[in-house]
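Note that the coordinates shown come from a computational prediction; the quantities given were computed from them, not determined experimentally. All heavy atoms count here, side chains included; hydrogens, waters and symmetry mates do not.
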Amino acid sequence: VAIGIPTSYELKQNYPNPFNPLTKIDYNIPVDGIVTLIVYDIMGREVISLVNENKKAGSYEITFDGSEFPSGVYFYRLTTGEFSETKKMLMVK
């Protein structure tokens with residue numbers, strides 16, 4: 001277990017995956033800055049914005065509740081500063 005400020009940006013794979021209807025998304029940011037974490041559907045349309053605020057450097061965990069959305073493939077993208085990464089997740093109801 002690492003304690004302290006992360007040394008690099010990291011967007012982790014959601015867990016569990018596939019999920020129904022709750023899943024956790026963990027990410028690390030090494031410097032303070034504006035962070036966005038957005039979920040998109042398979043067509044690239046924004047489904048929900050989970051994070052859109054200024055965050056201190058550190059490790060974070062957020063829970064996505066997909067109970068209002070249909071089963072299917074979704075993507076989530078973390079963007080902060082010059083870092084951006086996207087991962088895929090699958091919701092099965």
Under 3.5 Å donor-acceptor, Ser67 side chain and Pro21 backbone: no
Ile62 atom CD1, over 12 foreign heavy atoms within 6.0 Å: yes
Glu46 atom CD, neighbour heavy-atom count above 12 within 6.0 Å: yes
Geometric class of the Phe64/Phe19 ring pair [parallel <30°, tilted 30-60°, perpendicular >60°]: perpendicular
Taking every non-hydrogen atom, the tightest pair across Ile25 and Lys12: CG2-O, 4.5 Å
Sequence neighbours excluded, every pair satisfying salt bridge (charged side-chain N to carboxylate O under 4.0 Å, His left out) that has a member inside residues 80-93: Glu85-Lys87
Could you give the side-chain donor-acceptor pairs of residues 27-34 under 3.5 Å, partners two or more places apart or in another chain?
unit_1: Asn28; atom_1: OD1; unit_2: Ser59; atom_2: OG; d: 2.8
unit_1: Asn28; atom_1: ND2; unit_2: Glu10; atom_2: OE1; d: 3.0
unit_1: Asp32; atom_1: OD1; unit_2: Ala57; atom_2: N; d: 2.7

Sidechain-backbone polar pair: Asn14 side chain, Asn17 backbone, donor-acceptor under 3.5 Å: no
Sub-4.5 Å side-chain heavy-atom contact between Ser49 and Leu37: no
Side chains of Tyr76 and Ile38 in contact at under 4.5 Å (non-hydrogen atoms): no
Any side-chain heavy-atom pair of Met91 and Pro18 under 4.5 Å: no
Asn20 side-chain N/O to Leu22 backbone N/O, donor-acceptor pair under 3.5 Å: no
Closest non-hydrogen atom pair, Tyr74 against Asp41: CD2-CA, 3.9 Å
Val92 with Tyr15, same ILVMFWY side-chain cluster at under 4.5 Å: no
Smallest separation among heavy atoms of Phe75 and Thr86, with atom names: CB-CG2, 4.0 Å
Side chain to side chain contact (heavy atoms under 4.5 Å, CB included) between Leu78 and Val35, intermediate numbers included: CA-CA 7 Å; Leu78 176 72; Val35 175; 3.5 Å; yes
Transitive ILVMFWY side-chain link Leu50 to Leu90, under 4.5 Å: no
Single-linkage hydrophobic cluster, 4.5 Å side-chain cutoff, Met89 and Tyr40 together: no
